[in-house]
Chemist: 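Let me give you the structure first, and then I'll get to my questions.
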Amino acid sequence: MSYNVNEKGYYGEFGGAFIPEMLYPNVEELRQNYLKITAEPEFQEEFDALLKEYVGRPTPLYFAKRLSEEYNTKIYLKREDLCHTGAHKVNNTIGQILLAKRLGKKRIIAETGAGQHGVATATVCALMGLECIVYMGEVDIKRQAPNVARMKMLGAEVRPAKSGSKTLKDATNEAIRDWINNPVDTYYIIGSVVGPHPYPDMVARFQSVISKEIKEQLLEKEGKENPDYVIACVGGGSNAAGTYYHFLDEKEVNIIAVEAAGLGVDSGESAATSALGKIGVIHGSKTLLMQTNDGQITEPYSISAGLDYPGVGPMHANLYTTGRAQFISITDAQAMDWGIKLSKMEGLIPAIESAHAFAVLDEMKFKKDDIVVINLSGRGDKDLNTYIDYFKL
Ligand SMILES: *Cc1c(COP(=O)(O)O)cnc(C)c1O
């Protein structure tokens, strides 16, 4: 069994491309070209050079000594927090902007929730001198003012989505509407392993540099490529997909996916999609989705804006259903406590999303010789206000 996408765009029963007819030419153009273009040597050279010189890759694989001592196991942190713009998201936007250029696109659109993907998109558009329009829910624009300012400084136009709950889901709908109306010159950069095929596979491939580097770095540090555990938080699932990618078929590597339980899985205020979701279609993909009995999407909740999504990418839905990955949900309170703990123990202030992944250390038992790799997907600068309000700092 393969845990990767098949030629029809499915991971097991999940994935596919459920799109309105008017979007078909755009998605089909991408599907026919993405593997061909990304396999070209000039593409790979430019992608690798930008990851190195602009993003700052390879990111270190840091042995967390104090944490390892406390938990009596070997804990390594993959330092995606050191990427330019503060998280893994830029790995994907660099890849997609290079693809957009080769497809002759002049105008870039994106959706954003907390603003991190919007900032990563605005950054690469500035880098390439391309027009950038970012759709963002009106509520999120108010909540995430510093990221709105960043996008504006980078030359992007931020357009408010005023329908529905005025958050990420509505911003995505607006971006799709824009794409339908501008099919020829516009490229839509999606920010996670979600959306219609080929997006989940394409984004996973761009993020797979994370596990490629982990293998090389572990070989150097431990004399073997495979850890015993890889752990990552899952919103849409892109940092996790990148962390797992080259380990999917390595049976001895245990894959741990961490979801946001919010106030608790059964509290009604949660974003634990695998625990609460049922099969449905969201944003062009068949996947697990939080919904009411009659199929209305349920509003998700997490203190971390990056995990606050009612669905999950089709790769992860399949990893859950097949049992290849173990899913664990972590509450706001557990994650926030880890924000402080990691800061005090290792001098690393994590993004609240990433802090969820660390709480697994309190939920699972590891052996002394186990090699445990946790993906530190981003740094906590963007979350300072949330930390200040929560802890009255
Ligand atoms: C956006 C974000 C996430 C969640 O998105 P994924 O696609 O699930 O990776 C996680 N961590 C950080 C730091 C983020 O900015």
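Numbering of ligands and ligand atoms starts at 1, following listing order. Numbering starts at 1 and runs along the sequence shown.
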Chemist: Hey, would you say the Y76 and Y62 ring centroids sit under 6.0 Å apart?
Modeler: no

Chemist: Atom 10 (C) of ligand 1: which protein heavy atom is closest, and how many Å away?
Modeler: E353 CB, 3.5 Å

Chemist: At a 4.0 Å threshold, what atoms of ligand 1 neighbour a non-hydrogen atom of C233?
Modeler: 10 (C)

Chemist: Could you verify whether a donor N or O on one side chain and an acceptor N or O on the other, from N173 and Y135, lie under 3.5 Å apart?
Modeler: no

Chemist: Heavy-atom contacts with S238 under 4.0 Å: which atoms of ligand 1 show up? List them by number with element.
Modeler: 6 (P), 7 (O), 8 (O), 9 (O)

Chemist: Determine whether the side chain, the backbone, both or neither of K89 has a heavy atom under 4.0 Å from any heavy atom of ligand 1.
Modeler: side chain

Chemist: Just heavy atoms, cut-off under 4.0 Å: does A351 contact ligand 1 by side chain, backbone, both, or neither?
Modeler: side chain

Chemist: Considering only heavy atoms of G235, which atoms of ligand 1 have at least one such atom less than 4.0 Å away?
Modeler: 8 (O)

Chemist: For S192, counting its heavy atoms only, list the atoms of ligand 1 lying under 4.0 Å from any of them.
Modeler: 6 (P), 7 (O)

Chemist: Which ligand 1 atoms does H88 reach within 4.0 Å, using its non-hydrogen atoms?
Modeler: 2 (C), 3 (C), 9 (O), 10 (C), 11 (N), 12 (C), 14 (C)

Chemist: Pull out every atom of ligand 1 sitting under 4.0 Å from any heavy atom of G378, numbered as shown with elements.
Modeler: 13 (C)

Chemist: In terms of residue, atom name and distance, what is the protein heavy atom nearest to atom 4 (C) of ligand 1?
Modeler: G306 O, 3.3 Å

Chemist: Does a sphere of radius 6.0 Å around CD in E220 hold more than 12 heavy atoms from other residues, nucleotides or ligands, not counting ones at 6.0 Å or beyond?
Modeler: no

Chemist: Using only heavy-atom distances, determine whether the side chains of D362 and Q334 contain a donor-acceptor pair under 3.5 Å.
Modeler: no

Chemist: Please check whether S377 reaches ligand 1 - meaning an N/O of the residue sits under 3.5 Å from an N/O of the ligand, judged on distance alone.
Modeler: yes

Chemist: Say whether S377 and N375, considering side chains only, have a donor N or O and an acceptor N or O under 3.5 Å apart.
Modeler: no

Chemist: I'd like to check the side chain to side chain donor-acceptor pair (under 3.5 Å) partners of S302; sequence neighbours left out, ordered by chain and number.
Modeler: S304

Chemist: Can you sort out the partners of R150 under salt bridge (charged side-chain N to carboxylate O under 4.0 Å, His left out), two or more places apart, ordered by chain and number?
Modeler: none

Chemist: Return yes when atom CZ of F391 has more than 12 non-hydrogen atoms of other residues, nucleotides or ligands closer than 6.0 Å, and no otherwise.
Modeler: yes

Chemist: With respect to K382, determine whether any N or O atom, backbone or side chain, lies less than 3.5 Å from an N or O atom of ligand 1.
Modeler: no

